[in-house]
Amino acid sequence: MKVAIIGSGLGGLLTAAILSEKGYKVDIFEKLRFYGGRFTNLEYKGFQISTGALHMIPHGKRGPLGILLRKVGSKVEIIDSEPEGEALYGNEKTNERITVRSSVFPLGSKLKFFKWLLKFKVLRANPYMDRYEKELDNFSAKFLKSFLGWSLSIQPAEIKYSKLLAIYRNVVKYGGPGIPIGGCKAVVDSLAEIIKSNDGEIHLRNPVLRLYSENKKVTGLENKNGKIEYDLYISNIGHQATGKLLGEEYAEEVESRGIKYSISLEKPFVGHTGVLFTLNCKRISGMNEVTNADPNLAPSGKHLLMAHQPMITSNVEEEIRIGLEDLKILLKGFEYEILAIQSYFDGWPVNRVRSGLDMGYRTPYSNLFVVGDAAKGDDIEVDGIALGIAELLKREFGEKIDIG
Ligand SMILES: Cc1cc2nc3c(=O)[nH]c(=O)nc-3n(C[C@H](O)[C@H](O)[C@H](O)COP(=O)(O)OP(=O)(O)OC[C@H]3O[C@@H](n4cnc5c(N)ncnc54)[C@H](O)[C@@H]3O)c2cc1C
């Protein structure tokens, strides 16, 4: 059976690797000159910065992506973070660091979370989190904001209680983040290798220009060489862009936007492999220092620090100005160089579909499915992508996948 995959992001490559292992003949079409989409490395001055992701996998090797990577035979090594997270709290002078674990949240706020759970279960109350945020103590409220800004590039007003609960349950189930040795590129390279070893092909600089359909079935795709027919079509570019290829806008997506700073340091600032949540900043939500897991992500003797902020207004320059001010305060006394400032929106966002608004893998077309961060399962980022793919494979391909 011949399968066309539109886009070679993590979602497209993971699906292609699994299907090619099952004996499907996969052809991947990618419009750019490289594969991996927002999950690969960009080399700059000897540093492995990235096209998107902060070189982190939300649940490390124990999560849905880790499980699927092992299932498909990927040899990528993932270092689970230790500690999983720390919160930078206190005032500018004290800048106290607190290891994030259940015991650091005041009992009152923990009880509130369970009160909301009761209201959710009994009364089906499911408001956006800004309504509940006001009920929390200062530390918990700031942590909530920082966690959402770092991991989803959103504000409490943009996520419902039920989604936060699902994220919390997944953290309890799978644990915190991890860093792949070699960064994002090591993950996508390992998938590309599997695809090629199964006679799959990745066609770079080869955008899909149009999809043809008849009676709600896709009958072919058009690329620079003309029309080609396949049995199945998997799109990795979101529902909205897929609709455009069909000439039918069947879905509208709300993306989340953000800004990432890649910073060179002479000595470590974070000092461990976890996330440092920055609770007192105006914009920066958190940082990681991936060279503590893999020193080869920077030239010898240097560290690569990555900071992230959600984009709260649409004024990119002003957002960056505020972010840089935060960094100046945070990194006072440290010698640092900003290597790159990358903004993510308009089709190259942090999240193609904001967490909680995913539309699933199905489309109005019987042989066309969507994978990637517009069709996540009930988890976040690349682990959400993996769950979405597991669901597709289980329901449409009869694949038995045990995600734990
Ligand atoms: C700043 C930032 C930080 C992040 N940090 C993390 C993190 O640390 N951990 C994490 O898990 N996630 C993180 N994410 C999210 C993660 O990067 C994305 O969710 C993930 O990479 C999306 O993968 P995808 O396969 O859905 O899509 P994409 O990576 O966008 O892939 C889609 C591909 O399709 C191609 N394409 C588009 N149109 C066409 C066409 N017509 N024909 C052919 N090809 C086409 C594109 O060029 C692209 O290569 C971050 C994202 C950003 C931006």
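Atoms within a ligand are numbered from 1 in the order they appear, just like the ligands themselves.
Ranking protein heavy atoms by distance to atom 24 (P) of ligand 1, first place goes to Asn236 ND2, 3.5 Å. The closest protein non-hydrogen atom to atom 49 (O) of ligand 1 is Glu30 OE1, 2.6 Å. In terms of protein heavy-atom proximity, atom 12 (N) of ligand 1 is nearest to Glu381 CB, 3.4 Å. Annotation: atom 2 (C) of ligand 1 to nearest protein heavy atom, Gly52 O, 3.2 Å. The protein non-hydrogen atom at the shortest distance from atom 22 (C) of ligand 1 is Arg38 NH2, 3.5 Å. Nearest non-hydrogen protein atom to atom 7 (C) of ligand 1 is Met56 O, 3.4 Å. Distance from atom 8 (O) of ligand 1 to its nearest protein heavy atom, with residue and atom name: Leu54 N, 3.1 Å. When only non-hydrogen protein atoms are considered, atom 26 (O) of ligand 1 lies nearest to Asp373 N, 2.8 Å.
Side-chain atoms of Asn198 come within 3.5 Å of backbone N or O of Ile194 as a donor-acceptor pair. Here the side chain of Ser81 pairs a donor or acceptor atom with the backbone of Thr273 at under 3.5 angstrom.
Of the charged side-chain nitrogens involved, at least one lies within less than 4.0 Å of a carboxylate oxygen, so that Arg321 and Glu318 count as a salt-bridged pair. Using a cut-off of 4.0 Å between Lys/Arg side-chain N and Asp/Glu carboxylate O, Glu255 and Arg354 are scored as not salt-bridged.
In this structure, Trp116 and Tyr161 have perpendicular ring planes: the angle between them is above 60°, well past the 30° mark. The aromatic rings of Tyr230 and Tyr233 lie perpendicular to each other, with more than 60° between the two planes, well past the 30° mark.
Contact annotation: the side chain of Ile67 never approaches that of His59 to less than 4.5 Å [non-hydrogen atoms, C-beta and beyond].
Below 3.5 Å of separation, one finds an N or O of Lys31 facing an N or O of ligand 1. Considering backbone and side-chain atoms alike, Val382 places an N or O below 3.5 Å from some N or O of ligand 1. Between Ile57 and ligand 1, no N or O atom pair is found at a separation short of 3.5 Å. For ligand 1, one of its N or O atoms has an N or O atom of Gly11 under 3.5 Å away. On a distance-only criterion, Leu10 and ligand 1 share at least one N/O pair closer than 3.5 Å.
Close contacts between ligand 1 and Pro58 involve ligand atoms 11 (O) [criterion: under 4.0 Å to a heavy atom].
Rounded to the nearest 0.5 angstrom, Leu164 CG and Phe120 CZ are separated by 11.5 Å. The distance from the NZ atom of Lys145 to the OG atom of Ser140 is 14.5 Å, given to the nearest 0.5 Å.
Using 4.0 Å as the threshold, Gln342 has no heavy atom nearer than that to any atom of ligand 1.
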